S.K.: 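Shown below is the structure under consideration.
Proteins come first, then strands; the chains are lettered A, B, ... in the order of their sequence lines, and each starts at number 1. A quick note: this is a predicted structure, and the numbers were derived from the prediction, not measured.
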Amino acid sequence: MRFFSFRSFIFFFAFLAVIFSLNLISPSVKNFFYSLSFPVQKVLWEAGGGTAHFFRAISRSQILRAENSELKTEIQKLLAKNSELLELGRENEVLRQSLGIGAEKEYKLEIAEVISKNIFQDSVLINKGSAQGLTSGSPVITPEKVLVGRVLEVFKNSSEVVLISNKDVSFDAKTLDGSVYGVAKGKGNLQISLELVPKEKNLEKKDVIVTASLGGVFPANLLVGEVEEGEKSDTKPFQAVKIKPAFAENELKYLLIITNL
Amino acid sequence: MIKKYFLLLFSAYFLALIQASFWPHLNLNPYFFNVVLIGVILLNLFERRTGEMGFFFALASGFFLDIFSSFFIGFWVLMLAGASFFIKAFLKKWINI
């Protein structure tokens with residue numbers, strides 16, 4: 001059963017040898033192709049977002065109307081709360097000055113654009129790398145201060161950012177009011193669960209989850225997501241809840257990398 | 001002939017770019033709705049039995065897919081080369097094309 005000539009087999013094995021040897025210089029090879037592809041990938045990423053947005057809008061028009069109405073009500077409540085918080089902020093600043101406490105640490109941020117998603121894992125590629133001072137492990141957030149992930153691998157002009165929904169990511173998290181602590185673990189496919197939550201603690205749907213700085217993985221109080229559904233069992237000492245990430249993966253365009261943590 | 005190979009190489013590269021930068025927005029399972037894999041399957045299915053362009057396309061596509069994934073370089077080259085070989089073997093043995 002011969003499909004290919006002997007010459008083709010020789011070519012195939014020589015090609016394989018060259019391909020596998022490229023793994024020795026894989027960062028340089030990948031960086032070369034990423035730099036070459038940036039302009040086209042940027043256009044494709046934006047086109048993809050626009051296309052998905054168009055089809056999503058058509059299929060979700062009814063749901064969007066209901067969401068819109070709910071959000072308008074919530075905006076009113078938040079505006080009222082905002083004015084209270086502004087006043088508290090002013091009082092806080094005055095107290096800090098009178099007690100001689102320094103200002104909160106200022107983060108140094110580097111802005112980058114998302115140009116592609118890793119096809120088989122929860123990670124994205126951004127267009128900044130070691131040439132712009134990025135290092136592995138740096139937290140990554142959106143301009144709205146929503147936690148996205150951390151820098152995994154740094155190339156010269158690009159970096160791979162692993163999302164918090166990636167199976168290899170886990171970090172300390174808590175509810176916004178600080179009453180419940182747990183460990184947020186990525187489950188892959190943009191899913192996160194909050195685990196090791198004591199069974200007696202009550203978590204309601206839509207409770208906001210933020211980072212805790214206990215483990216030192218991410219800075220504290222970055223928005224992670226909200227509770228979707230819980231899993232309580234009488235036999236297990238802890239409960240786990242599913243969290244809906246606050247970021248939308250297909251709407252990621254600009255990201256901020258915290259470089260001075 | 002060389003022009004055809006360059007065209008295939010460029011097509012493989014462009015399909016890999018679409019898979020990495022356009023396709024993720026559509027939220028389709030990348031193992032089933034993989035543009036590159038579909039291209040390899042179709043080219044190998046409709047090419048004549050003794051043709052080698054399908055196999056070349058599989059190698060080129062595998063290389064570019066490896067560049068845009070976290071696997072080591074060579075993983076998708078082997079997978080797609082295997083798929084190409086399997087399709088040709090299937091057509092020869094069972095369909096007798």
S.K.: Measure the spacing between CD of Glu46(A) and OG of Ser21(B) and express it to the nearest 0.5 Å.
M.R.: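 Here the rounded value is 11.0 Å.
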
S.K.: I'd like to know whether CZ of Phe20(A) has more than 12 heavy-atom contacts from other residues, nucleotides or ligands below 6.0 angstrom.
M.R.: yes

S.K.: Report the C-alpha distance between Trp45(A) and His25(B) in whole Å, list the side-chain angles of each, state the deciding distance to 0.1 Å, and finish with yes or no for side chain to side chain contact (heavy atoms under 4.5 Å, CB included).
M.R.: CA-CA 8 Å; Trp45(A) 185 259; His25(B) 291 285; 3.4 Å; yes

S.K.: Side chain from CB out, backbone as N, CA, C, O: work out which of these in Glu153(A) comes under 4.5 Å of a heavy atom of chain B, or both, or neither.
M.R.: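 Contact with chain B involves no heavy atom of Glu153(A) at all.
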
S.K.: Determine, using ring centers only, whether Phe15(A) and Phe63(B) are less than 6.0 Å apart.
M.R.: no

S.K.: Counting heavy atoms not belonging to Lys244(A), are there more than 12 under 6.0 Å from its NZ?
M.R.: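 Open: at most 12 neighbouring heavy atoms sit under 6.0 Å from NZ of Lys244(A).
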
S.K.: Phe33(A) and Phe68(B): aromatic ring centres closer than 6.0 Å?
M.R.: no

S.K.: Please find the pair of heavy atoms, one from Ser26(A) and one from Ile73(B), that lie closest to each other, and give the distance.
M.R.: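 It is CB-CD1, 4.1 Å.
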
S.K.: Which atoms of Leu125(A) come close to chain B, meaning under 4.5 Å heavy atom to heavy atom: side chain ones, backbone ones, both, or neither?
M.R.: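 When you check distances to chain B, no heavy atom of Leu125(A) falls under 4.5 Å.
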
S.K.: So for Leu24(A), is it side chain, backbone, both, or neither that comes closer than 4.5 Å to the heavy atoms of chain B?
M.R.: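 Contact with chain B: none, neither part.
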
S.K.: Which region of Ile18(B), side chain (C-beta onward) or backbone (N, CA, C, O), has a non-hydrogen atom less than 4.5 Å from a non-hydrogen atom of chain A, or is it both or neither?
M.R.: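 Answer is both: backbone and side chain atoms of Ile18(B) are under 4.5 Å from chain A.
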
S.K.: Which heavy atom of Leu17(B) sits nearest a heavy atom of Ser37(A), and at what distance?
M.R.: CD2-CB, 3.6 Å

S.K.: Side chains of Phe22(B) and Gln41(A), heavy atoms from C-beta outward: is any pair under 4.5 Å?
M.R.: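 No, too far: nothing below the 4.5 Å cut-off.
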
S.K.: Is Leu22(A) close to chain B through its backbone or its side chain, or both, or neither, when contacts mean heavy atoms under 4.5 Å?
M.R.: both

S.K.: Given a strict heavy-atom distance threshold of 4.5 Å, which part of Phe72(B) is in contact with chain A: side chain, backbone, both, or neither?
M.R.: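 When you check distances to chain A, atoms from both the backbone and side chain of Phe72(B) fall under 4.5 Å.
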
S.K.: Applying side chain to side chain contact (heavy atoms under 4.5 Å, CB included), run through Tyr13(B) and Val40(A) and close with a yes or a no.
M.R.: CA-CA 11 Å; Tyr13(B) 178 54; Val40(A) 179; over 6 Å; no

S.K.: Do you know which two heavy atoms are closest between Gln121(A) and Ser70(B), and how far apart they sit?
M.R.: OE1-OG, 3.8 Å

S.K.: How about OH on Tyr5(B), more than 12 heavy atoms from neighbouring residues, nucleotides or ligands closer than 6.0 Å, or not?
M.R.: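 More than 12 heavy atoms, drawn from other residues, nucleotides or ligands, come within 6.0 Å of this atom.
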
S.K.: Quick check on Phe75(B): does its CZ atom have over 12 non-hydrogen neighbours (other residues, nucleotides or ligands) under 6.0 Å away?
M.R.: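 Yes, enclosed.
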
S.K.: Checking Leu59(B) against Phe11(A) for the side chain to side chain contact (heavy atoms under 4.5 Å, CB included) test, could you report, in this order, the C-alpha distance in whole Å, the side-chain angles of both residues, the deciding distance, and whether it holds?
M.R.: CA-CA 11 Å; Leu59(B) 295 181; Phe11(A) 164 76; 4.0 Å; yes

